[in-house]
2 protein chains.
Amino acid sequence: MSVGRPPATMTEIAAALGVSSATVSNALSGKGRVSAELSAKIRQAAEELGYVPSHAARALRTGRTGVIGLVLPDISNPLFPQIAQAIEQAAAAAGYGVLIADSRGETAQQTAAIGRLIERGVDGMIVVPRRGSRIGDIGTPVAIIDSPSTPGNTVSSDHWEGGMQMGRHFASLGHDKVLLIAQSRESNVQNDRIGGLKAGLGDDICCETLWVEDLEASQGAGSAFGLADRVADGFTGFAAVYDLLALRALTELQRDGIDVPLQASVSGFDDLVWSSVVIPSITTLRQNLSTIAECAVEALGHAIADSETLSGTSIAGRPNCERVPMMLVARHSTGPASGSVVSASVNARKDSG
Amino acid sequence: MSVGRPPATMTEIAAALGVSSATVSNALSGKGRVSAELSAKIRQAAEELGYVPSHAARALRTGRTGVIGLVLPDISNPLFPQIAQAIEQAAAAAGYGVLIADSRGETAQQTAAIGRLIERGVDGMIVVPRRGSRIGDIGTPVAIIDSPSTPGNTVSSDHWEGGMQMGRHFASLGHDKVLLIAQSRESNVQNDRIGGLKAGLGDDICCETLWVEDLEASQGAGSAFGLADRVADGFTGFAAVYDLLALRALTELQRDGIDVPLQASVSGFDDLVWSSVVIPSITTLRQNLSTIAECAVEALGHAIADSETLSGTSIAGRPNCERVPMMLVARHSTGPASGSVVSASVNARKDSG
DNA sequence: CCAAGGTGATTAATCGTTTAATCAAGCATA
DNA sequence: TATGCTTGATTAAACGATTAATCACCTTGG
């Protein structure tokens with residue numbers, strides 16, 4: 001609020017009180033030996049003079065900037081804002097600032113982005129790796145958010161178990177022919193989800209996987225999934241591996257005059273903004289991003305601490321939250337398979353949000 | 001790549017070459033007087049020793065951190081990733097790092113977020129203000145991304161002119177009863193878009209505005225827009241003020257068995273990820289975010305430079321890009337009004353992406 | 001031949017904090 | 001009374017880059 005005037009320094013506080021700047025530092029950090037009353041006086045003076053610590057000076061002296069980097073893959077991932085928000089939140093709570101770096105989809109850019117962060121002197125970084133890429137040892141503490149299948153200092157949702165929940169959801173609704181829709185075979189996350197879905201559906205349910213990358217390779221980008229034909233073939237369930245695919249499926253079915261959820265059920269993953277807003281609203285699995293962010297920041301904090309005592313380069317199998325559970329959000333895009341009879345209780349737990 | 005070993009300092013380079021550290025500084029920054037050959041040797045040595053400048057030391061000495069803050073409103077805005085990416089890109093090109101701060105939707109948080117950034121010593125910040133909030137004078141250079149209606153150091157798309165383009169698009173397709181769909185009366189951006197739409201539609205076309213906040217206040221959040229009734233009333237065009245509303249409208253129409261674009265046309269703003277993927281793909285207006293980001297960073301750079309020479313607090317009416325044009329992306333959700341006759345050329349410019 | 005001016009480099013102070021080392025008392029113990 | 005320990009504070013040296021001031025040397029011009 002007080003505009004223009006540069007913030008006071010420790011030296012100024014010291015001068016104002018006639019003590020040494022070391023004493024001020026000790027009082028404010030609570031580290032050295034300072035009498036209670038002097039300490040109180042110093043704190044008060046600091047308050048009155050509008051003292052703001054110089055992060056630059058502290059960083060220079062201690063070698064720690066109090067800033068962590070957040071490396072994100074291609075921006076097109078609509079889950080990114082939520083991740084970024086959760087990380088920023090958790091980092092701020094832990095006293096860190098968050099510097100962003102975008103890898104613009106390319107692996108080379110990912111490396112460059114990491115380099116830029118290191119040059120800026122971040123204490124560590126959190127990486128959401130680009131699909132199919134590995135983060136080598138970069139001489140800086142790192143925490144990775146990906147899938148539990150990724151080795152290393154990784155925090156993640158339990159995508160497999162989530163898939164299983166969704167598989168069971170379809171099973172309980174009486175579907176017996178379900179199409180799994182995924183984008184890329186390279187993605188650990190998608191593979192985990194697919195595996196879980198199959199496990200949840202069980203052996204009695206017929207399921208098949210549509211890989212969109214294959215489809216688009218042959219038919220061109222943005223081509224239709226041909227779901228109406230699938231419905232004609234007896235498919236009643238369409239479980240997509242993330243919400244964008246679910247939305248694509250939903251609108252295609254609707255366009256072709258197929259009623260969702262009466263004739264076909266559709267589900268996604270991630271609970272993106274629009275999922276609750278679309279009509280019918282989409283049944284999906286929500287990640288507990290705030291927990292993941294907290295875990296990632298905490299794990300990174302440990303890695304940073306370790307990298308100081310132990311020489312060498314961190315990365316411990318630290319986080320005990322390697323598999324954060326996901327939450328099924330049942331909404332209106334899934335319902336009993338047409339022609340099947342199910343207990344009413346299943347549908348009762350839908351919310352309207 | 002060289003792991004573990006701390007990066008070399010200027011002093012080390014100086015020692016290795018038997019010169020003074022000041023000379024190294026001069027050679028590397030090209031400022032003082034250094035002979036060409038010595039300068040070359042210094043550069044080479046720096047390269048070989050893997051010199052990485054200490055941002056902390058530089059910041060301490062010069063008072064500039066080379067970091068700018070990016071303050072974003074509620075994360076739920078799906079345009080955020082694109083903005084963040086564009087800013088990060090432009091900032092990196094200008095040699096700045098980007099520290100993010102999230103205002104979590106509340107104005108109080110916005111102020112707190114700004115405060116945190118200032119404490120971290122950012123040289124300036126770019127703010128995407130929360131709807132209806134003002135950014136006071138905060139004693140730090142600022143650039144704002146909002147609407148041209150916002151006073152101050154503002155960069156923005158020309159939402160009004162964009163609305164006009166879309167209005168004309170509907171007019172050229174022969175629609176004569178169009179429903180405008182908006183969320184909040186407080187939003188400068190939305191008001192601009194609405195104004196432009198009305199202007200573009202012209203006086204001959206009947207139009208009405210549906211304010212979703214009013215609807216939800218009376219009917220509860222997530223309630224349907226009741227568009228089928230509107231179609232029955234003769235509405236053939238539905239122009240939403242951003243893509244999320246357009247998507248909501250599209251799916252509601254589809255659910256009720258109304259064919260888009262045969263019986264009704266739907267459009268949005270912002271060209272979010274899903275807009276091109278949905279079936280039918282959504283006609284929308286794309287913002288030129290990279291230009292906006294470049295302008296914002298450049299304007300901020302000037303503001304920062306000014307704030308050093310001129311005492312007092314910056315904010316000049318600098319940017320000559322106060323109204324960056326938007327681009328109409330005609331896709332498959334809009335078409336000739338049912339029963340009207342239009343020239344074929346209009347539909348010809350659709351793309352399939 | 002001497003003063004003036006230019007060139008290429010060095011010296012040393014500075015930015016604001018942290019922290020190891022030191023110091024002056026005060027008080028208890030032997 | 002001399003010794004040792006504790007407490008509360010100070011001194012001073014870093015951290016690494018920037019930069020004004022200074023200096024030594026060499027070239028020119030008068």
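Reminder, nothing fancy here: chain letters follow the sequence lines and each chain counts from 1.
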Visitor: For a quick check of understanding: with a heavy-atom distance under 4.0 Å over all strands, which category does Val24(B) fall into, base, sugar-phosphate or nothing?
Guide: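 Here Val24(B) touches no strand at all.
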Visitor: Less than 4.5 Å apart, any side-chain heavy atom of Val142(B) and any of Asn153(B)?
Guide: no
Visitor: Using OP1 and OP2 only, check whether a side-chain N or O of Arg58(A) sits under 4.0 Å from dT18(C).
Guide: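 Yes, such a contact exists.
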Visitor: Please tell me if Lys31(B) has a side-chain N or O lying less than 4.0 Å from either OP1 or OP2 of dT18(D).
Guide: no
Visitor: Determine whether Ser157(A) and Ile292(A) make a side-chain contact, defined as any pair of heavy atoms from C-beta on separated by less than 4.5 Å.
Guide: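 They are in contact (side-chain heavy atoms under 4.5 Å apart), so the answer is yes.
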Visitor: Output the rounded distance in Å from CG (Asn26(B)) to C1' (dA12(C)).
Guide: 14 Å
Visitor: Think Ser20(B) has a side-chain N or O under 4.0 angstrom from the OP1 or OP2 of dT10(C)?
Guide: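 Checking Ser20(B) against dT10(C): at least one side-chain N or O falls below 4.0 Å of OP1 or OP2.
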Visitor: Counting distance only, does the side-chain N/O of Gln82(A) pair as donor-acceptor with the main-chain N or O of Leu79(A) below 3.5 Å?
Guide: no
Visitor: To the nearest Å, give me how far apart CG (Leu17(A)) and P (dA9(D)) are.
Guide: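 Value for this atom pair: 11 Å.
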Visitor: Between Ser35(A) and Arg33(B), which residue's closest nucleotide on DNA chain D lies nearer the 5′ terminus?
Guide: Ser35(A)
Visitor: I need the OH-C1' distance between Tyr51(A) and dG16(C), as an integer number of Å.
Guide: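 Between C1' of dG16(C) and OH of Tyr51(A): 8 Å.
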Visitor: May I have the distance from Glu12(B) (atom CD) to dA14(D) (atom P), rounded to whole angstrom?
Guide: 15 Å
Visitor: Using the side-chain heavy atoms of Ala22(B), tell me which of these nucleotides is nearest: dT11(C), dA17(D), dA9(D).
Guide: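 Given the options dT11(C), dA17(D), dA9(D), the side chain of Ala22(B) is closest to dT11(C).
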Visitor: Quick one: label Ser25(A) by what it contacts on the DNA or RNA (base, sugar-phosphate, nothing), any heavy atom closer than 4.0 Å.
Guide: base
Visitor: Judged by atom type as modelled, is there a donor-acceptor pair below 3.5 Å linking the side chain of Asp123(B) to the main-chain atoms of Thr65(B)?
Guide: yes
Visitor: Between Ser156(A) and Asp146(A), does a side chain to side chain donor-acceptor pair (under 3.5 Å) hold up when you go through it step by step?
Guide: CA-CA 6 Å; Ser156(A) 168; Asp146(A) 191 9; over 6 Å; no
Visitor: DNA chain C: Thr9(A) or Glu37(B), which has the more 5' nearest nucleotide?
Guide: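 Residue closer to the 5' terminus by nearest nucleotide: Glu37(B).
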Visitor: Would the distance check show the side chain of Arg43(A) and the main-chain N or O of Ala27(A) forming a donor-acceptor pair, the cut-off being under 3.5 Å?
Guide: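 Pair found, side chain donor or acceptor close to backbone of Ala27(A).
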Visitor: Within this structure, what is the NE2-to-C1' distance between His55(A) and dC15(D), rounded to whole angstrom?
Guide: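 To the nearest whole Å, that distance equals 17 Å.
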Visitor: Output the rounded distance in Å from CD1 (Ile13(B)) to P (dA9(C)).
Guide: 16 Å
Visitor: Can you name the one residue among Glu47(A), Glu48(A), Lys41(A) that meets side chain to side chain donor-acceptor pair (under 3.5 Å) with Gln44(A)?
Guide: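 The single option meeting the side chain to side chain donor-acceptor pair (under 3.5 Å) with Gln44(A) is Glu48(A).
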Visitor: Would you mind reading off the distance between Ile42(B) atom CD1 and dT10(C) atom C1', rounded to a whole angstrom?
Guide: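 It works out to 12 Å between those atoms.
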Visitor: Give me the residues of residues 59-67 of chain B where at least one heavy atom lies under 4.0 Å from an atom of DNA chain C, by number, or none.
Guide: Leu60(B), Arg61(B)
Visitor: Nearest-Å distance, CE (Met10(B)) to P (dA12(C))?
Guide: 20 Å
Visitor: Please check the phosphate of dT10(C) (OP1 and OP2 only) for any side-chain N or O of Thr23(B) closer than 4.0 Å.
Guide: yes
